[in-house]
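Below: the structure, in structure tokens.
Throughout, residue positions are numbered sequentially from 1 according to the sequence presented. Just so it is clear, the values below take in all heavy atoms, side chains as well, and ignore hydrogens, waters and symmetry mates. Just so it is clear, the model here is predicted, and its values are computed rather than measured.
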Amino acid sequence: MDFKEQPKFEMILVHAGNCRYLVGNKIYPLRPGDLLLLDGKTIQSAYVFDESETYERSIIQFHSKWLQPLLDELGVAYLLDLFSENRNGKIRLFSKEDAEAIEHSFLKIDQLNDLTHNYKHEALRKTMITGLLLRIDLSTVAIRDKGRIYKDEKIKIAEDVLTYIFKYYRDAIAIEDIANGLELSKSYISHVFKEMTGFSIMNYLMRYRLLASTKALLTEQTKSIKEIAYEHGFESDAHFSRFFKKNFGQTPNRFRKSYSL
């Protein structure tokens with residue numbers, strides 16, 4: 001993660017295979033042709049659960065400040081609002097013809113990676129991505145709540161676990177607490193969560209605590225490492241430092257200093 005920059009906007013289009021894509025506390029079972037638009041402000045990951053099929057996707061990434069001036073000039077700055085929909089559990093539907101046109105646009109933009117990075121090609125990238133966003137907006141048949149399209153009891157349970165973690169991750173919670181809160185058995189929610197996300201519940205909880213505390217290191221400069229550790233659910237600052245170094249290869253203090261330069 002590049003913490004110096006603004007979060008990257010991402011467009012993800014699945015070409016082949018199946019996966020479950022976790023966006024915050026939402027889980028999307030993606031199939032070929034499915035499209036996600038992400039604002040980079042929340043934890044996300046892809047879980048390829050069927051390794052018998054090749055999983056292929058295209059990803060287009062950019063920072064808002066890179067494209068914002070052109071969008072402002074054209075009067076279409078609202079297009080960046082598309083990137084918060086999936087985080088809020090919304091999904092766009094397209095006709096087969098428009099879905100194929102969107103995929104073609106992705107492939108054309110991907111071909112630009114082979115071009116040199118001069119100002120003309122950079123302008124071409126910007127105009128093509130803007131055109132793609134306009135096509136996505138204008139070709140939308142409907143915007144639906146994700147739950148109306150992906151109806152799966154296990155996904156609903158896994159999302160309930162995620163919601164519980166997001167709400168109480170600062171506390172000293174155990175799987176028993178989550179199970180009691182959802183009125184389900186500990187073994188059942190553990191099995192379902194692993195099946196749907198690829199993570200164990202406690203592994204995901206620690207991962208979320210780590211990312212939340214990492215953000216706090218940069219945005220709450222007046223707070224000590226110890227304060228941030230306790231406020232984000234770690235049992236001690238020593239525990240936080242060990243876990244942070246294991247994942248990022250440096251101590252929280254050194255990380256904070258390196259990004260404050």
Side-chain angles (χ1 to χ4, degrees), residues 1-8 10 12 19-28 38-49 59 61 87 155 157-182 184-261:
M1 296 179 66
D2 187 348
F3 294 99
K4 280 187 178 179
E5 299 289 346
Q6 299 175 7
K8 285 184 179 179
E10 289 187 340
I12 301 173
C19 81
R20 297 189 190 96
Y21 212 96
L22 190 149
V23 183
N25 63 342
K26 307 297 180 184
I27 299 174
Y28 290 85
L38 308 174
D39 60 11
K41 293 181 180 179
T42 188
I43 187 172
Q44 55 177 281
S45 64
Y47 173 45
V48 181
F49 56 90
I59 301 178
Q61 296 180 329
R87 177 162 51 88
I155 287 179
I157 291 171
E159 290 180 339
D160 288 344
V161 173
L162 291 167
T163 300
Y164 190 100
I165 288 174
F166 286 13
K167 186 175 181 179
Y168 296 108
Y169 79 95
R170 297 175 184 270
D171 302 330
I173 60 175
I175 297 178
E176 290 85 351
D177 300 316
I178 301 175
N180 291 336
L182 302 184
L184 295 168
S185 73
K186 171 184 172 181
S187 59
Y188 184 62
I189 67 167
S190 297
H191 172 75
V192 168
F193 192 81
K194 179 74 172 180
E195 181 184 347
M196 293 296 103
T197 69
F199 295 103
S200 71
I201 292 177
M202 296 311 294
N203 179 274
Y204 183 85
L205 170 61
M206 294 304 296
R207 175 185 169 102
Y208 187 76
R209 282 172 172 165
L210 178 64
L211 292 182
S213 57
T214 300
K215 180 180 179 181
L217 285 172
L218 302 179
T219 59
E220 302 178 45
Q221 294 281 336
T222 59
K223 289 188 177 179
S224 67
I225 303 296
K226 186 173 184 178
E227 286 177 301
I228 289 175
Y230 281 113
E231 288 180 1
H232 291 83
F234 291 93
E235 55 193 45
S236 67
D237 53 333
H239 177 217
F240 173 49
S241 295
R242 286 195 303 271
F243 191 69
F244 192 97
K245 188 172 183 179
K246 179 181 178 181
N247 285 273
F248 288 107
Q250 57 184 321
T251 65
N253 191 48
R254 181 174 291 276
F255 171 85
R256 171 182 265 178
K257 287 181 178 179
S258 68
Y259 281 96
S260 299
L261 298 176

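When side chains are defined from C-beta on, Met196 does not count as touching Val161, because their heavy atoms never get closer than 4.5 Å. In this structure, Gln250 and Lys245 have side chains that are not in contact, with every pair of non-hydrogen atoms separated by 4.5 Å or more. Side chains of Asn25 and Tyr164 form no contact here, defined as non-hydrogen atoms less than 4.5 Å apart. Using a 4.5 Å cut-off on side-chain heavy atoms (C-beta onward), Leu184 and Ile178 make no contact. Counting heavy atoms from C-beta on, the side chains of Ser241 and Thr251 never come closer than 4.5 Å. Contact of the Met202 side chain with the Ile175 side chain is registered, since non-hydrogen atoms from C-beta on lie closer than 4.5 Å. Residues Tyr28 and Val23 form a side-chain contact, since some pair of their non-hydrogen atoms from C-beta on lies under 4.5 Å apart. Counting heavy atoms from C-beta on, the side chains of Ser45 and Tyr21 never come closer than 4.5 Å.
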Check your understanding: Going through the distances and angles, do Ile165 and Ile201 end up as a side chain to side chain contact (heavy atoms under 4.5 Å, CB included)?
Key -> CA-CA 9 Å; Ile165 288 174; Ile201 292 177; 4.3 Å; yes
Point to revise | CA sep, side-chain torsions, deciding dist, call: Leu217, Phe255, side chain to side chain contact (heavy atoms under 4.5 Å, CB included) | key: CA-CA 8 Å; Leu217 285 172; Phe255 171 85; 3.9 Å; yes
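Looking at Glu159, its side chain does come within 3.5 Å of a backbone N or O of Ile27 through a donor-acceptor pair. At distances below 3.5 Å, at least one donor-acceptor pair connects side-chain atoms of Ser213 with backbone N or O atoms of Leu210.
Aromatic ring orientation, Phe193 versus Tyr204: perpendicular (interplanar angle above 60°, classes split at 30° and 60°).
Contact detail for Glu195 and Tyr47: the closest heavy-atom pair is O-CE2, 3.3 Å. Contact between Leu218 and Gln221 at its shortest, heavy atoms only, is O-NE2, 3.2 Å.
Under the side-chain contact (heavy atoms from CB on, under 4.5 Å) criterion, Glu176 pairs with Ala174, Lys186, not counting sequence neighbours. Applying the side-chain contact (heavy atoms from CB on, under 4.5 Å) criterion to Lys223, with sequence neighbours excluded, gives Glu220, Glu227, Ile228, Glu231. Partners of Arg209 by side-chain hydrogen bond (donor to acceptor under 3.5 Å, both in side chains), not counting sequence neighbours: none found.
Other residues, nucleotides and ligands place no more than 12 heavy atoms under 6.0 Å from the CZ atom of Arg254.
Note: Phe166 and Tyr208 meet the aromatic proximity criterion, with ring centroids under 6.0 Å apart.
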